[in-house]
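What follows is a single structure, written as structure tokens, with notes after it.
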Amino acid sequence: MRIGLILGDQLTHSLASLRVLDPTCDRILMAEVAAEASYVPHHPQKIALIFSAMRHFAAELRNQGWQVDYHEYDAQSSCSTLLSVVQSCATEFSASAIITTECGEYRLQHAISNAWQQQLGIPVECYIDDRFICSQAEFAQWAQGRKQLRMEYFYRDMRRKTGLLMQGDKPEGGDWNYDADNRKRWNGDPSLPDPIAFARDDIDKAVIKLVTEEFSHHLGNIDTFEWATTRQQALEALAHFVRFRLPYFGDYQDAMAKDQHQLFHSLLSPYINCGLLLPLEVCQAALKAYEDNHVPLNAAEGFIRQIIGWREYVRGIYWLNMPQYAHLNKLGNTRDLPRYYWDGDTKMACMSDAFKTTFDHAYAHHIQRLMVTGNFALIAGIKPEDVCDWYLAVYADAYDWVELPNTLGMVMHADGGYLGSKPYAASGNYIHKMSNYCSGCHYSVKTSIEHDSCPFNSLYWHFIQRHKEQFNGNPRMTMIYRSFEKMDSGKQQAILNRAEYLLSHIDEL
Ligand code: FAD
Ligand code: DLZ
Ligand code: SF4
């Protein structure tokens, strides 16, 4: 008798390890444990989503005839780690082996592959997680010998591999990428569809009660929990997105609007990451909508690129470079994360809205993460490890393998430009162009050196100047340095002084 361990982000019926196990003689083990639920202070909604989805998945497996041992969360339990639960189950049933599928996170995979077999005294087998389109080995092969890794070229290979939006060996429509069409500001038209809502069953209710009792000291509200917790519901969320939002996804992909956290985004990442939805089936749904003339090419391509492009690319980068990647700090940042990342209380309207949606929904869309809270952390020089811990804690979709490259690489440029060629630093002007935040803000986006000037404006130039040595030679940044040099020296100094003042009063902004 073997034990198949299914983790909280492996809730997929076609999972590799489930395919090798035999329901007539093997057992499945799933466990809610303190070690996983609190290695960072996960948002209560993330814990509730995982626990409830795990319980529903266990029930589905039982209905299919599997013998499932399910360890419910108990703060007093002597089994507070996955290893201790596995050990106790293996002893109880005299298991001959433990069967696993590759973990998403290095932390746990490292422990399983290096220590578990010895600690348990029985073989621990680990199967490749083929829910991903590109395996770790395939990515390593792709990266080998390249001077620079660029998502765009990787993405084209994934298009060729999957055949998504391909006409023979040519990209559909003639171009690989329609990003240039995806930069519209949203002014209320087209109107937003109603969000999808799900009825709560007894499992959801019990989990929400448990999480409220045990994890309310973690940052974030649980009362606004709206997530799907079964595959069936996640499929409904996918269909709802494709029907109502995908048509506009491309055009408004970079837009932001106060009190509108979803806009035309899918909110599917938590389901894809925990296994309720498969990345390929999500892309196929978008492709079908395009083939049915329900959505334009820039929407389908933009959406598919995020999944078979960015999502697979960051995973490849993660596994190629862990564990050292997590400690990179190539810009030498030393500043602590400002207070408002934890309490949301700031006069900066864009930041305040991003924090509110984060705490209320365990979600913020990509541009809020990248160009508001991320951009601020970048230009203010916050320690990358602190920023990464924050992003890992606060989002329902956050797992180290996807959060870390996005935060440390894409946002903080702490890998020195390994993941992306140019830092995503921007002044308030970018936020003003893409949102309606600035008109309701305490600060003025039009000025840089007054007492009420937008903090992003002077911090942006301070960032550019303090990292002149790193970026001066970057051809994509030549224009930026030229614009600063064109300012008279009095203005330059006033901007840098204002930024210095803001940095020394950072918690008060
Ligand atoms: P949509 O805008 O609808 O996009 C569709 C899908 O594309 C997403 O569901 C997701 O699966 C995928 N996707 C889009 N962009 C990325 C990306 N850059 N990397 C990987 N997948 C992408 N995404 C996570 O899944 N988990 C994280 O922990 C995470 N942390 C991030 C941290 C920072 C600082 C930044 C800038 C981005 C992060 N992202 C993360 C990427 C992206 O912001 C989210 O995937 C996206 O906001 C999820 O919302 P959605 O499902 O509505 O996405
Ligand atoms: C995110 C999460 C949480 C909050 N809790 C659990 C848990 O109790 N049990 C479990 O198996 N998985 C959990 N997860 C997901 C894990 O963190 C994830 O499986 C590992 O990090 C490996 O990627
Ligand atoms: Fe954000 Fe600056 Fe605009 Fe205020 S003025 S909303 S701080 S960009």
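Hydrogens, waters and symmetry mates are skipped; everything else that's a heavy atom, side chains included, is used. Start at 1 and go down the list; that is how both ligands and their atoms are numbered.
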If you leave out waters, which protein N, O or S atoms are less than 2.8 Å from atom 4 (Fe) of ligand 3? C441 SG
Does a donor on one side chain and an acceptor on the other come within less than 3.5 Å for [X] and [Y]?
| X | Y | result |
| --- | --- | --- |
| E125 | Y127 | yes |
| Y363 | E226 | no |
| E152 | W176 | no |
| T100 | Q10 | no |
| D204 | S52 | yes |

How close does the nearest protein non-hydrogen atom get to [atom], and which residue and atom is it?
| atom | answer |
| --- | --- |
| atom 10 (C) of ligand 2 | G8 N, 3.4 Å |
| atom 14 (N) of ligand 2 | I50 CG2, 4.0 Å |
| atom 9 (N) of ligand 2 | A31 O, 2.7 Å |
| atom 23 (O) of ligand 2 | D9 OD2, 2.7 Å |
| atom 20 (C) of ligand 2 | E36 OE1, 3.7 Å |

Check: [X] ring centroid to [Y] ring centroid under 6.0 Å:
| X | Y | value |
| --- | --- | --- |
| W319 | F132 | no |
| F57 | H13 | yes |
| Y430 | Y460 | no |

Contact residues of ligand 1 with a heavy-atom cut-off of under 4.0 Å? F249, H265, S266, L267, L268, S269, I272, N273, F303, Q306, I307, W310, R311, Y363, A364, H365, H366, R369, L370, Y391, D397, A398, Y399, V402, E403, N406, T407, M410, V411
Would you say I6 has any N or O atom under 3.5 Å from an N or O of ligand 2, going by distance alone? no
Check: H42 N/O within less than 3.5 Å of ligand 2 N/O: no
Salt-bridge test for [X] and [Y]: reply yes if a basic N is under 4.0 Å from a carboxylate O, no otherwise.
| X | Y | result |
| --- | --- | --- |
| R107 | E105 | yes |
| R131 | E102 | no |
| R311 | D397 | no |

Output for pair (I431 CD1, N457 CG), nearest 0.5 Å, gives 9.0 Å
To the closest 0.5 Å, what do you measure between CE (M256) and CG (D353)? 9.5 Å
Contact between F51 and ligand 2, counting heavy atoms under 4.0 Å? yes
Only heavy atoms of E32, strictly under 4.0 Å: list the atoms of ligand 2 that pass. 8 (O)
Lys/Arg cation over aromatic Y340: K347, 6.0 Å, 45° cone: no
Classify the contact between R107 and ligand 2 as side chain, backbone, both or neither, using a heavy-atom distance cut-off of under 4.0 Å. side chain
Which one holds for C274 and ligand 2: side chain close, backbone close, both close, or neither close, with close meaning a heavy atom under 4.0 Å? neither
Run the side chain to side chain contact (heavy atoms under 4.5 Å, CB included) check on F241 and V282 step by step: do they pass? CA-CA 10 Å; F241 164 70; V282 169; over 6 Å; no
Minimum distance, heavy atoms only, to atom 8 (O) of ligand 2: which one of L392, V33, T101 is it? V33
